[in-house]
A.B. asks: 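The following block contains the structure, expressed as structure tokens.
Keep in mind that this is a model prediction, so the values were computed, not measured.
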Amino acid sequence: MRHPLSSTGGRARSRSGAALLLSLLILLVLFAIVFQINVGTGTNARVARNDVGLTTMDLAVDSALLQVDDQLKTDAESAGAQTPSGGMAPGGGGGAAAAPSGGAVGAAAGQGQAASDSRKDEWARPQRTSINDIRVRILVQDEDSKINVLNLLDPDEKEAEAAFDRVVRCLDLCREGTQADIDTRTAERMARAMLDYMKDRKTSRVPRPALLSDNPQNEDLGLPLSLKEFAVLPPFDESHFRDFRDQDGKIVHSIGSFLTVWSSVATVADLARSGRGGASGGAPGTPGAAGAAGGASGAGSGAQGQPATGKSSGSSAAAGTGGSAGAPGAAGAAPGAAGAGGAGASAGGVDTGGYAVNVNTAPVAVLKALFDSRDLHPRFWDRVLEYRNLEEEKPKDAPESEKTEAPLDEYGEPIVDRRIFDTPGELSEVEGYQDLPSAIQAKLSQLITTESHVFSIFVIARRSTAAEGDMSEELGTPEEIRAREEAGNSLLRVVRSVVWRHKGDDQVEIVPLVRWEVLDYLPYEVQDYPDEKR
């Protein structure tokens, strides 16, 4: 006989089992909700920390840029103070270019030029610092050490052809010895593509803004705001515009380390002082196209500065170079007050129009590209490199008070005080110069300067993600530091800014041409004698 309460007990046990299962489900749901809240909160916290970290890195980058701006300004002001009674340093590429035909580079030396830019300057030495616990490395490239591709548009056909050959030689030499070497045929195709791109704006598939350099009389002419605009053209590709290591570990430099579009800028006030106007041809006393990139080329480069400065067309950086002597200025004249010939002035007032390169800072590939090897043997430029790397001789009888400790490099090692060319005239001190034909010496005077006015500033901000923290990066040899930096355990922010150091009537101004550009690669400095361990 079944117990009268047995069915009731079974139902009670069934209900208690269901309640337990329901409790477990509720507990599981609560656990999932708490876990999701925890994950979401952690993610938001990490995003917030990343935003704070990125903002801190950006502030460190901005502080570094301000530091370099101050160094560039101080350097120009101190150079101006040493200039003889004219206020602005004469000489340089423009001054030498006005020398009589067949004159030597030494003609410029008679000008008494005091200002010069070299790798001995504070701004030119790679620097390392720490800003708000962010490790910062600063590298400055002299844009006047590069060949300006805008010279391809020179209205003088002979000079334009010579500029084309220089660009080809530079592309051919700039990656020599690496697995990314550019052969001569490809270099010619690249130079031709750049020229066609600038001379055929109407059919370009790349959107182009309206520029002060636009000429209603020649709508086909279009000037690049950046060298990287050419990346869309065959045979270019992205690898041509970045620094990297090849499969052998050798450093391959961006072609932007050797070519530029930025080294030909001037204001309308500069042009007025130099007596150049929008409808005029080349500057009086400028032989041929020496020191000139063509009215259009200078105008385009100058126009790049307008968005950054916010100035009106009446006062913005507008024009670089006039045409060759006697050539119609309208060939490159821009509309309105901004349309002008003339040459871009450096911080010292030297008119080179981006045509001349700084012999103190130019890479060997740039120097050897200036002349065909049949006109000037590359061995001469090897001697120039040797000259500017020799240790400066100090007087043995110098007073003790004049002896100073050698400055330290970015790794804390003493910097050797090396020779520089204080003036273009000092090129005559290089072995073999006196044996050069007078025509080559005269051409050298047009293509060489010792002053610079446009600079690319690279700032690499680094925040370590390693367990030992940022302070560990201070330890070790330079080789160990480089290896640690390339290990990939750090957050990186690489920024480039391009500035124009312009000397006005009474002060030096730092005008941004490219205010802030984030890069996706680490830049490497171009060395005369690359260290195999770097």
A.B. asks: So, does Ser257 use its side chain to make a donor-acceptor pair with the main chain of Glu525 at under 3.5 Å?
C.D. replies: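 No; zero donor-acceptor contacts below 3.5 Å.
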
A.B. asks: Below 4.5 Å, heavy atoms only, C-beta onward: do Asp144 and Val357 meet side chain to side chain?
C.D. replies: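 With C-beta onward as the side chain, the pair stays apart.
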
A.B. asks: Measure across Cys174 and Ala365 and return the closest heavy-atom pair with its distance rounded to 0.1 Å.
C.D. replies: CA-CB, 3.9 Å

A.B. asks: Can you check whether Tyr529 reaches Leu385 side chain to side chain, under 4.5 Å on heavy atoms?
C.D. replies: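 Result yes, sub-4.5 Å side-chain heavy-atom pair found.
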
A.B. asks: Can you tell me if CD on Gln247 sees more than 12 non-hydrogen neighbours from other groups inside 6.0 Å?
C.D. replies: no

A.B. asks: Do any pairs count as a salt bridge (Lys or Arg N to Asp or Glu O under 4.0 Å) and have a residue in residues 51-65, sequence neighbours left out, and if so which ones?
C.D. replies: Asp58-Arg493, Asp62-Arg515

A.B. asks: Considering non-hydrogen atoms only, spot the tightest contact between Glu451 and Ser116 and give its length.
C.D. replies: CG-CA, 4.3 Å

A.B. asks: Find the distance between CG (Leu59) and CD1 (Ile131) and round it off to the nearest 0.5 Å.
C.D. replies: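 The CD1 atom of Ile131 is 9.5 Å from CG of Leu59, to the nearest 0.5 Å.
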
A.B. asks: Quick one: CG on Asp422 to OG on Ser118, what's the gap to the nearest 0.5 Å?
C.D. replies: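 With rounding to 0.5 Å, CG (Asp422) is 8.0 Å from OG (Ser118).
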
A.B. asks: Of all residues at least two apart in sequence or in a different chain, which pass the side-chain contact (heavy atoms from CB on, under 4.5 Å) check with Gln507?
C.D. replies: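 Glu509.
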
A.B. asks: State whether Arg501 and Asp117 are salt-bridged, where the test is any N-O pair (Lys NZ or Arg NE/NH1/NH2 against Asp/Glu carboxylate O) under 4.0 Å.
C.D. replies: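 Salt bridge present between Arg501 and Asp117.
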
A.B. asks: Okay, side chain of Asn358, backbone of Ala362: is any donor-acceptor separation there less than 3.5 Å?
C.D. replies: no

A.B. asks: Between Phe241 and Phe236, is the ring centroid distance below 6.0 Å?
C.D. replies: yes

A.B. asks: Hey, are Asp142 and Arg119 close enough for a salt bridge, meaning a charged N less than 4.0 Å from a carboxylate O?
C.D. replies: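 Arg119 and Asp142: not salt-bridged.
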
A.B. asks: Could you tell me whether the side chain of Met190 reaches within less than 4.5 Å of the side chain of Asp172, counting heavy atoms only?
C.D. replies: no

A.B. asks: Let me see the working for Leu152 and Val167 under side chain to side chain contact (heavy atoms under 4.5 Å, CB included), right down to the final yes or no.
C.D. replies: CA-CA 9 Å; Leu152 297 173; Val167 171; 4.1 Å; yes

A.B. asks: May I ask you to test the Lys146-Ser263 pair for a side-chain heavy-atom distance under 4.5 Å?
C.D. replies: no

A.B. asks: Looking at CD1 of Ile460 and CE of Met57, how far apart are the two atoms once the value is rounded to the nearest 0.5 Å?
C.D. replies: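 These two atoms lie 11.0 Å from each other.
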
A.B. asks: Applying salt bridge (Lys or Arg N to Asp or Glu O under 4.0 Å), can you list everything that pairs with Arg496, at least two apart in sequence or on another chain?
C.D. replies: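 Salt bridge (Lys or Arg N to Asp or Glu O under 4.0 Å) list for Arg496, sorted by chain: Glu517.
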
A.B. asks: For residues Pro126 and Leu139, report the shortest heavy-atom separation together with the two atoms involved.
C.D. replies: CG-CD1, 4.0 Å

A.B. asks: So, Asp133 and Arg463, do they make that salt bridge, N to O below 4.0 Å?
C.D. replies: no

A.B. asks: Judged by atom type as modelled, is there a donor-acceptor pair below 3.5 Å linking the side chain of Asp237 to the main-chain atoms of Ser239?
C.D. replies: yes

A.B. asks: Taking the side chain as every heavy atom from C-beta outward, state whether Leu492 and Leu522 have any pair of such atoms under 4.5 Å apart.
C.D. replies: yes

A.B. asks: Could you walk me through whether Val499 and Leu72 pass side chain to side chain contact (heavy atoms under 4.5 Å, CB included), step by step?
C.D. replies: CA-CA 10 Å; Val499 299; Leu72 291 170; 3.8 Å; yes

A.B. asks: Run the side chain to side chain contact (heavy atoms under 4.5 Å, CB included) test on Val518 and Val494 for me, step by step, so that the C-alpha distance in whole Å, both residues' side-chain angles and the decisive distance to 0.1 Å come before the verdict.
C.D. replies: CA-CA 6 Å; Val518 179; Val494 183; over 6 Å; no

A.B. asks: Report yes or no: does Asp121 contribute a side-chain atom to a donor-acceptor pair with the main-chain N or O of Ala124 at less than 3.5 Å?
C.D. replies: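 Absent.
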
A.B. asks: Quick one: CD1 on Ile147 to CG on Leu367, what's the gap to the nearest 0.5 Å?
C.D. replies: 9.0 Å

A.B. asks: Does a side-chain heavy-atom distance below 4.5 Å link Phe230 with Val149?
C.D. replies: yes

A.B. asks: What I'd like to find out is whether the side chain of Val68 reaches to under 4.5 Å of the side chain of Ile138, using heavy atoms alone.
C.D. replies: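 When only atoms from C-beta onward are counted, Ile138 and Val68 do touch, with a gap below 4.5 Å.
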
A.B. asks: Rounded to the nearest 0.5 Å, how far apart are CG of Leu66 and CD of Gln71?
C.D. replies: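 One finds 11.5 Å between CG of Leu66 and CD of Gln71.
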
A.B. asks: Crowded around Lys120 NZ? As in, over 12 foreign heavy atoms under 6.0 Å?
C.D. replies: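 More than 12 within 6.0 Å, yes.
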
A.B. asks: So, does Asn389 use its side chain to make a donor-acceptor pair with the main chain of Glu386 at under 3.5 Å?
C.D. replies: no

A.B. asks: Using a strict 4.0 Å threshold on nitrogen-to-oxygen distance, state whether Glu391 and Arg419 make a salt bridge.
C.D. replies: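 Salt bridge absent between Glu391 and Arg419.
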
A.B. asks: Quick one: list whatever passes side-chain contact (heavy atoms from CB on, under 4.5 Å) with Val39, sequence neighbours left out.
C.D. replies: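 Testing Val39 for side-chain contact (heavy atoms from CB on, under 4.5 Å), a comparison that skips the adjacent residues, returns Phe35, Thr43.
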
A.B. asks: Decide side chain to side chain contact (heavy atoms under 4.5 Å, CB included) for Thr260 and Leu150; before the verdict, give the C-alpha distance in whole Å, the side-chain angles of both, and the deciding distance to 0.1 Å.
C.D. replies: CA-CA 8 Å; Thr260 185; Leu150 300 181; over 6 Å; no

A.B. asks: In this structure, is the centre-to-centre distance between the rings of Tyr524 and Phe244 below 6.0 Å?
C.D. replies: no

A.B. asks: Closest heavy-atom contact between Arg175 and Ser254?
C.D. replies: NH2-CA, 3.9 Å

A.B. asks: Which heavy atom of Leu173 sits nearest a heavy atom of Ala369, and at what distance?
C.D. replies: CD1-N, 4.2 Å

A.B. asks: Does NZ or CZ of Arg166 come closer than 6.0 Å to the centre of the six-membered ring of Tyr355, within 45° of the ring's axis?
C.D. replies: yes

A.B. asks: For residues Thr74 and Asp70, determine if any side-chain heavy atom of one lies less than 4.5 Å from a side-chain heavy atom of the other.
C.D. replies: yes

A.B. asks: For Val61 and Ala461, which heavy atoms make the closest approach, and how far apart are they?
C.D. replies: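 In terms of heavy atoms, the two residues are closest at CG2-CB, 3.7 Å.
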
A.B. asks: Taking atom types as modelled and ignoring hydrogens, do the side chains of Gln127 and Glu122 form a donor-acceptor contact shorter than 3.5 angstrom?
C.D. replies: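 Gln127 vs Glu122: no donor-acceptor pair found between side chains.
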
A.B. asks: Quick check on Asp417: does its CG atom have over 12 non-hydrogen neighbours (other residues, nucleotides or ligands) under 6.0 Å away?
C.D. replies: yes

A.B. asks: Can you sort out the partners of Phe455 under ring pair (Phe, Tyr, Trp, His ring centres under 6.0 Å), two or more places apart, ordered by chain and number?
C.D. replies: Trp123

A.B. asks: Verify, without hydrogens or angle tests, whether Asn151 (side chain) and Asn148 (backbone) share a donor-acceptor contact under 3.5 angstrom.
C.D. replies: yes

A.B. asks: Distance from Glu143 atom CD to Leu513 atom CG, nearest 0.5 Å?
C.D. replies: 9.0 Å

A.B. asks: Once side-chain contact (heavy atoms from CB on, under 4.5 Å) is applied, do any residues pair with Lys73, and if so which ones, sequence neighbours excluded?
C.D. replies: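 For Lys73, the residues satisfying side-chain contact (heavy atoms from CB on, under 4.5 Å) (neighbours in sequence not counted) are Glu77, Val508, Ile510.
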
A.B. asks: Taking Trp262 for the side chain and Leu225 for the main chain, is one N or O donor matched with an acceptor at less than 3.5 Å?
C.D. replies: yes

